[in-house]
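Before any comments, here is the structure.
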Amino acid sequence: MGKKTKDKKQSVQPFVCFAAGILAACLWTGLCGYFLKLSVYSLAGWVLLSAFGGFFSVFSYYIGDKKATLFWWNRNRLGRYTILLILFQFSFTALFYLPFLTLPLSAVCVILTLFSNGFCGMAAYLFFLIEAAFISGLTLNQIIVLTLAGVAGAALFQSLDKQFRYGGVLFAYLIGDFACYSLYYVAGVTGMQLGDAILYTAIRLFALCILILVSLKLAAKFSIYRDDEFFMKINDPEHRLLSTLKQTDRDIYFHAVHTAYLSEKIARRIGANAALAKAGGYYHKIGVLQGEDTMQNAILIGKEYRFPDSLMKLLEEYGVRNPLTLSRETAIVQLADALVSSITFMFQKNKNADLNYEKIVDIIIKKKMDSGDWAVCELTMEDICQIKEGFAEERMYYDFLR
C-alpha cells in the first residue's frame with residue numbers, strides 16, 4: 001500500500017506543479033494588468049502569454065529531470081523548483097522600483113541555474129524579463145543588458161561539478177555583469193552622473209555577491225552535500241551492517257566489496273554520484289541479513305537504517321525489471337555486479353584462466369540492452385564507451401577475484 005501511495009504521489013506531482021506555475025503567472029500578470037488599467041483585450045493577451053511562460057518554466061525542469069540533464073543534486077525536486085519560480089514570480093518585478101544600475105537581477109538566473117541547470121535557469125529568467133517588460137516598462141537597452149548578464153551567469157555556473165569550486169566562476173560572473181552594465185552606462189542612456197553610477201554599481205555588485213554566496217551555501221548544505229556524511233558512514237567497510245554481512249556470508253560480503261569498488265571507480269569516471277554508486281554496490285545484497293537475498297529485504301533494512309532517498313531509489317530500481325526510470329548509478333551497480341559475478345564464476349572453473357575482460361563487458365552490456373531493462377536508462381552512448389574503458393583498465397584488480 002505504501003509503495004502504491006508513493007507512486008501515486010509521484011504521478012500527480014507534475015500536474016500539481018504545472019498548475020501552480022501557470023496559476024501563479026496568470027494571477028501576477030492579471031493583478032498587475034488590472035492596476036495598470038489595461039484593456040480587457042490586452043490583459044487577456046498578456047495573461048495567455050504568462051500562462052505559457054509559467055507552464056514552460058516548470059516543463060523545462062520536468063523534461064530535464066526525465067532526460068537526466070539537470071545537475072545531479074537537483075533530481076526529483078520539481079516541487080522545490082516550482083516554489084522557487086513562484087517566489088521569484090512575485091518578487092522579480094518589484095525590484096524595478098529601484099534605480100536600474102542597482103538591480104541584481106542576473107542573480108535570479110544564476111540561482112535558478114544552481115537549482116536546475118543552465119537551460120532551465122535561462123528559460124525561466126527570460127520569461128521573467130518578458131513579464132517585467134510588460135509590468136515595469138523596461139526599455140530595449142535594459143532588456144538587452146539584463147539578458148546578456150543573466151545568460152553569462154547561467155553559462156558560467158553551468159560548469160560547476162561535484163567539487164563545487166566556484167571562486168573563479170563567481171569572479172568571472174561579477175566581471176561579466178559589470179561589463180554589461182558598463183556598456184549600458186557608456187551608451188549614455190542613463191542620464192546619471194559618474195559618481196552616482198559608481199555608487200549604484202558597487203551596491204549591485206555587493207548585492208550580487210551576497211545573493212550568490214548565500215545560494216551556493218544553501219545548495220551545498222541542502223542539496224549537494226546533504227547525504228555525504230551519511231554515505232561516509234555506511235560506505236565504511238567496518239560499518240556494523242557490513243560487519244554483520246561479513247559474519248553472515250563471507251562470499252556475499254566480498255562480492256559486495258568488489259562491486260562497490262568498481263561502481264565507485266566507474267561513477268567517478270563518467271561524472272555520476274560516486275558515493276551513491278559505492279553504497280549501491282555494498283548494499284544491493286544486504287537483504288540476506290533478513291534471511292533471504294531479495295531486494296524487498298534490502299529495502300526493509302534500508303528503511304530501518306534510514307538510508308537516503310537516493311539510495312532507496314537505487315535499490316528500488318535495481319530490483320525491478322523494465323523500471324520506469326533507471327539512473328546512471330543503478331546501471332553502473334548492475335554492470336559491476338554482473339561483471340564480478342561473471343569473472344568470479346569463470347575463475348572458479350579455472351583459476352588460471354586468461355580472460356578477455358573487454359569481451360565480457362561487451363557481452364554484459366549487450367544483454368542489458370537487449371533485455372529491455374535499459375529502455376529508459378540515463379546512460380548515454382558516451383557514458384557506455386567510458387564505462388567499457390574504465391572496466392578494461394581494472395585488469396590488475398580482477399586478480400583479487402581468482
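Please read all numbers here as calculations on a predicted model, not as lab measurements.
Closest approach of A107 and L211 over heavy atoms only: CB-CD1, 4.1 Å. What you find for F230 and R306 is that their closest heavy atoms are CZ-O, 3.4 Å.
Considering only heavy atoms from C-beta on, Y125 stays 4.5 Å or farther from V151 through its side chain. Side-chain contact check for S310 versus F231: some heavy-atom pair is nearer than 4.5 Å. The closest side-chain heavy-atom distance from F178 to L208 is not below 4.5 Å. For the pair Y305/L311, no side-chain contact is recorded, criterion being any heavy-atom separation below 4.5 Å from C-beta on.
Taking the ring axis of Y181 as reference, the NZ or CZ atom of R204 stays within 45° of it and closer than 6.0 Å to the ring centre.
Side chains of Q142 and Y184: a donor on one and an acceptor on the other come within 3.5 Å. R328 and N273 form no side-chain donor-acceptor contact under 3.5 Å, judged by distance and modelled atom types alone. With no hydrogens or angles considered, a side-chain donor-acceptor pair links E131 and Q89 at under 3.5 Å. Side chain to side chain, Y173 and S106 meet the donor-acceptor criterion of an N or O pair below 3.5 Å. Side-chain N/O atoms of Y398 and H258 include no donor and acceptor closer than 3.5 Å.
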Problem set entry | Residues F127, F56; criterion ring pair (Phe, Tyr, Trp, His ring centres under 6.0 Å); working and verdict | CA-CA 9 Å; F127 162 57; F56 184 75; 9.4 Å; no
Exercise. When you look at F92 and F88, which way does the ring pair (Phe, Tyr, Trp, His ring centres under 6.0 Å) test go after all the steps?
Worked result: CA-CA 5 Å; F92 194 84; F88 281 128; 7.7 Å; no
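A distance-only check finds a donor-acceptor pair linking the side chain of S60 to the backbone of S57 [under 3.5 Å]. Judged by distance alone, the side chain of S159 and the main-chain N or O of L156 form a donor-acceptor pair under 3.5 Å. Side chain of D65 to backbone of N76: a donor-acceptor contact under 3.5 angstrom is found. Using a distance-only test at 3.5 Å, with no hydrogens or angles considered, no donor-acceptor pair links the side chain of T330 to the main chain of L326. A distance-only check finds a donor-acceptor pair linking the side chain of Y283 to the backbone of I234 [under 3.5 Å]. The backbone N or O of G281 lies less than 3.5 Å from no partner atom in the side chain of D337, so there is not a single donor-acceptor pair. Side chain of N297 to backbone of G291: no donor-acceptor contact under 3.5 angstrom is found. Judged by distance alone, the side chain of H284 and the main-chain N or O of G280 form a donor-acceptor pair under 3.5 Å. Distance alone, capped at 3.5 Å, places no donor-acceptor pair between the S42 side chain and the S39 backbone. When atom types are taken as modelled, the side chain of S243 and the backbone of E238 share a donor-acceptor pair closer than 3.5 angstrom.
Once rounded to the nearest 0.5 Å, the distance linking CG of L289 with CD1 of I301 reads 4.5 Å. In this structure, CD in E329 is found 5.0 Å from CG in L276, a value given to the nearest 0.5 Å.
Salt-bridge annotation for E389 and R269: present, with a side-chain N of the basic residue lying under 4.0 Å from a carboxylate O of the acidic one. A salt bridge between K366 and D370 is present, with a side-chain N of the basic residue lying under 4.0 Å from a carboxylate O of the acidic one.
No more than 12 heavy atoms of other residues, nucleotides or ligands sit less than 6.0 Å from atom OH of Y62. By the 6.0 Å contact criterion, OH on Y397 is enclosed, its count of non-hydrogen atoms from other residues, nucleotides or ligands being greater than 12. With a 6.0 Å radius and a threshold of 12 heavy atoms from other residues, nucleotides or ligands, F52 has its CZ atom at or below the threshold. The number of heavy-atom neighbours closer than 6.0 Å to NZ of K285, taken from other residues, nucleotides and ligands shown, is above 12.
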